[in-house]
Trainee: 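Attaching a single structure in structure tokens format; questions to follow.
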Amino acid sequence: MKRLLKRRESTLVIIILVLLAAVSLRARGFLELSNLNDILTDTAILVIVSIGQMMVIVTGGADLSVASGIALTGMSVAMLNWQVPGIPLAVLVVLALVIGFILGSLNGLLVSATKIPPIITTLATLGIFRGAVFLESSGQWVSAHKMTEAFRDFPHAAPLGISNLLVAAIIVAIASAVFIRFTRTGRNIYGAGGNRTAARYVGIPLARIDFLVYAISGVLVGLAGLLWVSRYASAQNDTATGFELQTIAACVIGGVSMLGGSGTIAGVVLGALFLGIVNNALPVIGLSPFFQMAIQGFVILAAIIANSVVDRRTQAALMRTRKL
Amino acid sequence: VEASTGRRPGAGIRALAGRWESILVLIFVAVIVFNSLASPYFLNPANLLDTTFSFVEKALIALPMTLGIIMGDIDISVAGIIALASLVMGLLSGAGAGTGILVAAGLGTGLAAGLLNGLLATRFGIPMIAVTIGGISLFRGIAYAVLGDQAFTKYPQPFAFFGQGYLPGTHIPFELLVFAVCAVIFGLLLHRTTFGRRVYAIGNNPVAARLSGVPVQRMRLIVSCLTGLMSGLAGILLTSRIGSTRPNIASGWELEVITTIVLGGVAITGGRGHIVGVILGIFLLGFLKFGMGLINVPGNVQNIFAGVLLILAILIPGYVARAQERARLRRTRGSG
């Protein structure tokens, strides 16, 4: 019980419950099922992209190109849907995943084959992808009336009882939790992030793992790109600008250490939910949505500090058990 | 090694040609030639001086960030600091503050933001790049929270001089003079003082530096404060030049500033770099972007270019160094 309480996930659950209770005191309707469903739907894309971001951060990197990648994939499939409305949705979904994979592979190749720090690599590709969106669209928007109905309805359609957005997020969360927990490659991701010299000595294929996490992040970015433009029924040159910071925020709030080596999928999902609830609560408690970024920055810093304090305590505890 | 193999004819030229700064000068000349072909007005001295308006503010931030990157600390919150500094100046200006107070407030805000980054990084042992990811959101976020979709546009008349004025009787922009003075100060600081030697020491091996008595954490804090201060200064000049404060002011600048520094030959992994190279990089990228503007390349597409350049500027010197090392090994093996 004590150990359970000490975990970041439990703390987050409590914080989220308190937050929900506090907001619902101000606004009665906040806890209604339909509103909670809205919050979950709003957070689905953040969950999907943050999970890829988490795997990257666990290896000691960070993927700053995710938002530009979303814009580029989103613009690509939206333009295709506009120009060739006959292409079935399933093909567009596969295409989005492929485009995302290519973008992610570019990051992965650069990170694994060179000594450029990942944040710098992905800062460069952030600029490249964003510029590519502009080249592709010549600065135009793909607005709702240019998209097919099936395309626009896809995120909210609910053939399984809940919206496709939620289904996608749940599948991604479960699949990646199983992958990172129970497969050798998944465990190697953690190994690659702690102590890289040690990781090399125990035979973890660092270059392959590095490539893999950026490729996975890319695939999830591709999926998110399609969901984003179809959900908001608009593909623009500045789609998702700044979203990379939200995904990093979800990770650090969820207890993922920026130093690499630790973090859980459950934590990241809760971190994303926390941000989703805060964003949804702002208008309810009478704050402008423009407060979102500042709150996010404050929470990132607070979470980074909390994580570093926890890291140090764990280190100290480990040292004690060694009886040096 | 050189002594054992003997000095070959042309070794001096080869050493010079192998230097990154020499390559930069060559590219620089090529850019100037290209630009003057693209526009007959480019080489006019007054025009040439005016193009510097478009990059000296970024250049000011590149100076302290060069120290930071050589030391191993990358601050990506600088554009956010500009937004915050500009916000504070806008608020004060709206309340009727004079030019002197605005300048002090811009510098003070920058310094405070840098101090916050530095304290978080040094007290909690968090990498600077991670701290400043939070910093970006916080600093720019405050500007968004206060301004929303509004803008401050009311600034006192004398304030416009900093970003728009020229030295009396010349075509030299005041901004360029500020940059020249700062560049000399940072050049001396990095290359002629103990402080500068310590920056390299930390960048090459922070543990060894600490064990030899370099106050590593204090140095990191000082450089972080300098970065904040210079971002504040850039914020003053930019706000004065465009005469307004919007929350998205200077967004994306971090990419360009870091590209400039790396292009100038500073190792992104720390330990190596020279202010002269960075200054060359600043003018090179500045004129290059100006040239792209001349042939109507849109700003978004210029970002592709900045990104590709950033990657190439890191990769190429590494390959050149490795090739030279291999050649050197072959030579020693051949003669020994």
Side-chain angles (χ1 to χ4, degrees), chain A residues 57 60 62 64-65 68 110 113-117 119-135 137-139 237-238 241-242 244-246 248-249 252 257-259 287-309 311-312, chain B residues 69 74 76-77 80 116-117 120 123-127 129-150 247-248 251-252 254-256 258-259 262 267-270 297-315 318-319:
Chain A
I57 296 181
L64 294 184
S65 74
S68 299
L110 284 169
T114 70
K115 283 182 185 161
I116 310 177
I119 297 192
I120 300 303
T121 305
T122 54
L123 185 64
T125 52
L126 176 160
I128 296 173
F129 297 166
R130 185 63 72 181
V133 180
F134 189 86
L135 272 188
S137 68
S138 334
N237 291 292
D238 60 349
T241 314
E244 67 277 359
L245 295 174
Q246 280 193 46
I248 293 171
V252 292
S257 163
M258 283 303 288
L259 299 171
L287 280 178
S288 102
F290 288 112
F291 274 78
Q292 185 198 325
M293 197 181 192
I295 293 174
Q296 178 186 305
F298 181 76
V299 176
I300 293 179
L301 288 179
I304 288 180
I305 293 170
N307 292 351
S308 105
V309 172
D311 279 354
R312 280 191 185 178
Chain B
I69 292 182
I74 304 177
I76 57 173
S77 73
L116 178 70
N117 282 337
L120 289 177
R123 291 292 146 85
F124 293 99
I126 313 163
I129 202 157
V131 169
T132 51
I133 280 179
I136 297 180
S137 296
L138 183 64
F139 302 145
R140 193 178 288 286
I142 294 173
Y144 268 107
V146 175
L147 275 166
D149 49 7
Q150 304 294 306
N248 66 352
S251 73
E254 59 282 344
L255 172 62
E256 245 181 85
I258 295 175
T259 304
V262 171
I268 195 71
T269 42
V297 179
N300 275 309
V301 179
Q302 294 184 10
N303 273 348
I304 300 189
F305 187 79
V308 172
L309 201 61
L310 174 54
I311 292 174
L312 289 182
I314 300 177
L315 286 186
Y319 285 121

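What you are looking at is a predicted structure, and each value in this text was computed from that prediction instead of being measured. Throughout, protein chains are lettered first and strands after them, A, B, ... in sequence-line order, and every chain is numbered starting at 1.
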Trainee: For A/Ile120, run the side chain to side chain contact (heavy atoms under 4.5 Å, CB included) check against B/Leu255, B/Ile74, B/Ile76 and tell me which one passes.
Mentor: B/Ile74

Trainee: With a 4.5 angstrom heavy-atom cut-off, which part of B/Ala306 approaches chain A: side chain, backbone, both or neither?
Mentor: neither

Trainee: Name the member of B/Gly252, B/Pro127, B/Gly148 that forms the most heavy-atom pairs with chain A at distances under 4.5 Å.
Mentor: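 The answer is B/Gly148.
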
Trainee: Closest approach of A/Ser308 and B/Ile126, non-hydrogen atoms and distance?
Mentor: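 Taking every non-hydrogen atom into account, CB-CG1, 4.0 Å.
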
Trainee: Is the shortest side-chain heavy-atom distance between A/Ile128 and B/Val308 below 4.5 Å?
Mentor: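 Counting from C-beta outward, A/Ile128 and B/Val308 do come under 4.5 Å.
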
Trainee: State the CG-CG distance between A/Leu110 and B/Leu315, to the nearest 0.5 angstrom.
Mentor: 7.0 Å

Trainee: What do the steps show when you test B/Ile133 against A/Met258 for side chain to side chain contact (heavy atoms under 4.5 Å, CB included), and what is the final call?
Mentor: CA-CA 10 Å; B/Ile133 280 179; A/Met258 283 303 288; 4.0 Å; yes

Trainee: Is it the backbone or the side chain of A/Ile304 that comes under 4.5 Å from a heavy atom of chain B, or both, or neither?
Mentor: both

Trainee: In terms of heavy-atom proximity below 4.5 Å to chain A, should B/Arg140 be classed as side chain, backbone, both, or neither?
Mentor: both

Trainee: Does A/Asn307 have any side chain to side chain donor-acceptor pair (under 3.5 Å) partners at least two apart in sequence or in another chain, and if so, which?
Mentor: A/Arg8

Trainee: So which atom in A/Ala294 and which in B/Leu138 form the shortest heavy-atom distance, rounded to 0.1 Å?
Mentor: O-CD1, 3.6 Å

Trainee: Roughly how far, to the nearest 0.5 Å, is the CD1 atom of A/Ile295 from the OG atom of B/Ser137?
Mentor: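 That separation rounds to 11.5 Å.
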
Trainee: From A/Thr125 OG1 over to B/Ile311 CD1, what is the distance, rounded to the nearest 0.5 angstrom?
Mentor: 6.5 Å

Trainee: Applying side chain to side chain donor-acceptor pair (under 3.5 Å), name anything that partners A/Ser137, two or more places apart in sequence or on another chain.
Mentor: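 Here the qualifying residues are A/Asn237.
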
Trainee: Quick check: do B/Val301 and A/Leu135 have side-chain heavy atoms less than 4.5 Å from each other?
Mentor: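 In contact.
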
Trainee: Taking side chain as C-beta onward, heavy atoms only, is B/Ile304 less than 4.5 Å from A/Arg130?
Mentor: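 No - every pair of side-chain heavy atoms lies 4.5 Å or more apart.
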
Trainee: In Å and rounded to the nearest 0.5 Å, what is the OH to CD distance from B/Tyr144 to A/Gln292?
Mentor: 11.0 Å

Trainee: What's the spacing between B/Leu310 CG and A/Thr121 OG1 if we round to 0.5 Å?
Mentor: 8.0 Å

Trainee: Measuring from A/Phe291:CZ to B/Ile142:CD1, what's the distance to the nearest 0.5 Å?
Mentor: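 The CZ atom of A/Phe291 sits 10.0 Å away from the CD1 atom of B/Ile142.
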
Trainee: Is the closest side-chain heavy-atom distance between B/Asp149 and A/Phe290 below 4.5 Å?
Mentor: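 Touching, per the 4.5 Å side-chain cut-off.
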
Trainee: Let's test your reading of the structure: which of A/Ile300, A/Val133, A/Val252, A/Leu123 forms the most heavy-atom pairs below 4.5 Å with chain B?
Mentor: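 When all of A/Ile300, A/Val133, A/Val252, A/Leu123 are compared, A/Leu123 has the most.
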
